[in-house]
Q: 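Dumping the structure here so I can ask a few things about it.
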Amino acid sequence: MSMKSLTKLFLFALSIFVYGCNSLDIKPLDIITDGDILSSDYGIKTYVAGLYRKLPMEDFTYYHGKGWKRDWNIAGDMSGSALTETYSGMAGCDRMEGFEYWPYPEIRDVNHYIKYLETHPEQFSGNQLKELIAEAHFIRAFYYFGLVKRYGGVPIITEEQDVFADPSSLLVSRETEEKVWDFIYSELILAYDMPETSEPGRANRYVAAALMSRAMLYAGSIAKYTSSVDFKGDAYTKNIIGAPASKAQTYFQAAYDAADMIIRQTDKYELYRADADKCANYMNLFLDEASKENIFIRQYSIDSGTESCWDINCVPQSICGSSVCSAYPTMNLIEMFQEIDVIDDNGEPHRYNNLSEPFVDIEPRLKAILYCPGDSWNGNYFDIQKGLYKHFEGLAEPEMNDFEGLRPNFSNLILTNEHTQMYEGKLIIGQAGISTKSQETQTGFYRKKYFDYKASSVGWWTSEHHYIEFRLAEIMLNRAEAAFELGIEIEQAKADIKAIRDRAGAVEIPDAVIDLSVVREERRRELAFENHLLWDLRRWRTAHLELDKTKIYGLYPYYIFDEDKFIFLRQRCPGQREYSFQIKAYYEKLPQKELDKNPNLYPNNPEY
C-alpha cells in the first residue's frame, strides 16, 4: 500500500476517532490500545503514516511565521521565508520570532512506537523489526532537526514520559545545541539500518543520509561561524546555543560522507535530464514523480484529502479569475542569476517592440522558475505592464528615483488600478498587473517553480503534484560546500557545481574561480523558492550583514505611447520598505506557554 493511500487511511481513521467521542458504538480515542493499532502490519503502516504526515517539511502547507496550515493562501507565502527571493505583504525579515513550533507530542508518539517495537519482537520476522526501529529513529531525528535549527539547544527526550508521574519529573531542561546535533547524528546512524529502497513518501537508508548531509552541514556552519556574531545572554554563555568551533570539521566530514554515499549510488539517483530543452527539463523536474533526482517526496492528492492551492496562487486573476497570488519573484533574486540589460550604453532605457524581448536569452533555469512579462500559459498572456508614458525622454537612472516627484518624466506617466482603463485606445496597465492591488504581481514576475504548467486549468484545492524534500542537486551542493569547508576533494566539488550548471543551461564557470562563495551562490540559484535561503543565511551567520537596510526591487514594464515601444525600469517595490535582520533572529524565541509550564526551559534565547 502506498504512502498516499496510507495517508488517506490515517485521515479517515482520525475522523472515526473524533466521531467516536459522540458514539456509544465506537471506543473513544483515549482507550484505544496498542493492540488495536500496532498488532498488525496494516496498523503499523497507518500509525507511521501519521508520523510522516507531521514531519517538519516546509512544503505547500508551510507558512513562514505561522507554521503548517491547510489554508487557501498558504502557497502565497511559502517562500516568504526566503527573504529577498520574493516580495509579499509579509516578506523580508518579518515573522522571525517563529510560530512556537514544539513537536514533543509527536516525539512522544515516536518514543511510544519504539518502545512497542522493542517489547514485541515476536510480532516480526527477518529484518523487519530492525528496519522499523531504524525508520523510527529517522523520524525522531527529523523532528529534532526542526527544533534545533529554530531554538538551538532543546530537551532530548527518548522515552515516553509518564503523565501520571511526579510533575517535577516532567520538567526537563534544555541540552546544549552541540548535544542536540550529536543526538541527531546518532539517530541517523541508527537509521542507516533502513532498507536501500522504499515506496514514494517513505524513508530509506539514503533518505536518512540526505537528512544527515543537510543537518550536519548546518551543524558544521553553526560550529564554525557562531563566534562571528556578537551573541549575548545566558543561553549563549551556557552553550545552549552555538557549538564549539572544534566540532566544525567533524560535522562537515559527516555531511560530506553522507552526501557522498548518496551520489555514488548512480544506479538509483541522477540529475534529471529527461528533456533536451533545458527550460522544459527544469520545469518537469518538479512535476515528474518518477524522476531519479528525487530522494524523498511528500505526496498530495484529492483522494487522500491532502491537495493544495499551489497552482492557483502562481497566476494572476486575469488568467484564472480568482487567484490570490501574493508572493512574487524579485529583481534581487533574478540578479543572482544574471543581469537583465534594459539600459543602453548612453544610460537610456532600451526600446522594445514587445514585452518578452528582454528575456529571450535568460538562463533556461531562470526561465523555468518564473513567468516574465510577455510569457503565456495555455494561451493566456502575461501582459504585465505598470503604466503608460505619453512621452519619455532622457536617462533611465532619474526615473528610478525612490521619490516619484523627482522623476523628470513623471508628469508624462499615467497610472491606474483599473485594468480596462485606456489612453487613446491603449491599455494603461496590463490585465496581469501591475496595479497596487494585492492579488497581482508587485515586482513584474510570477512564480513558476512547481507550477503544473501541463494542467488545462487551475482552481481551488486541485493541486496534486508532490513536494520534493530531498533531491540529488541539493546533495551535490551539500557535498561541494562541505568539501570546500574541509579543504578536500576540491576538483570533485568543482565538477558537482559544473554539472548542476550544465543541467540548468547556465554559462560555464572556469574552474579557477569556483570557491566557497561560488558554491553558496549556486546553492541560492538552484534551490530558489525551496525554503532553504533563510536557513542558509542563518547557519552561515551572514543574515545580519547581507540584510542590512536591504531594499527590494522589481523590473517594471512601461508603454511609451508616442513611440509605440516598451521600456523597463528597475524600481523599488511598493511601500519602499527596508529590511534589516536583527541578531536575535538567528534563533527563535521559545514558546511562552511552554516556559510558563516548565521554568527549567529558561534561559530563553538572546534578546527574548
Q: Can you confirm if the NZ or CZ of Arg541 lies within 45° of the ring axis of Tyr586 and under 6.0 Å from the centre of its six-membered ring?
A: yes
Q: Side chains of Arg447 and Asn313 only: does a donor on one sit below 3.5 Å from an acceptor on the other?
A: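 Absent: no donor and acceptor within the cut-off.
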Q: Do Tyr587 and Tyr151 have side chains that approach each other closer than 4.5 Å (heavy atoms only, starting at C-beta)?
A: no
Q: Would you say that Pro155 contacts Leu601 through its side chain, given a criterion of any heavy-atom pair below 4.5 Å between the two side chains?
A: yes
Q: Is the shortest side-chain heavy-atom distance between Phe142 and His137 below 4.5 Å?
A: no
Q: Just one of Tyr113, Tyr42, Tyr52 clears the ring pair (Phe, Tyr, Trp, His ring centres under 6.0 Å) bar with Tyr47, so which one?
A: Tyr113
Q: Which atom pair, heavy atoms only, marks the closest approach of Ser291 to Tyr272?
A: OG-CD1, 3.2 Å
Q: Do the charged groups of Glu177 and Arg539 touch, with an N to O distance under 4.0 Å?
A: no
Q: Determine whether Pro329 and Phe529 make a side-chain contact, defined as any pair of heavy atoms from C-beta on separated by less than 4.5 Å.
A: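 The answer is yes; the side chains approach within 4.5 Å.
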Q: Between Val458 and Thr462, which heavy-atom pair has the shortest distance, and what is it?
A: C-OG1, 4.3 Å
Q: On the ring face of Tyr101, is Arg150 found with NZ or CZ under 6.0 Å from the centre and within 45° of the axis?
A: yes
Q: Using the six-membered ring wherever Trp is involved, compare the ring planes of Phe296 and Phe138 and label them parallel, tilted or perpendicular (cut-offs 30° and 60°).
A: perpendicular
Q: Indicate the ring-plane relationship of His465 and Tyr450, choosing parallel, tilted or perpendicular according to the 30° and 60° boundaries.
A: parallel
Q: Relative to each other, are the rings of Tyr236 and Phe231 parallel, tilted or perpendicular (30° and 60° limits)?
A: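 Ring orientation, 0 to 90° scale: tilted.
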Q: Are there more than 12 heavy atoms of other residues, nucleotides or ligands under 6.0 Å from atom CD of Glu122?
A: yes
Q: Distance under 6.0 Å and angle within 45° of the ring axis: does Arg471 meet both against Tyr206?
A: no
Q: Any cation-pi pair here, Lys247 with Trp181, using under 6.0 Å and within 45°?
A: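 Geometry flag: not set, cation outside 6.0 Å or 45°.
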Q: Should Lys45 and Asp41 count as an ion pair when the cut-off is N to O under 4.0 Å?
A: no
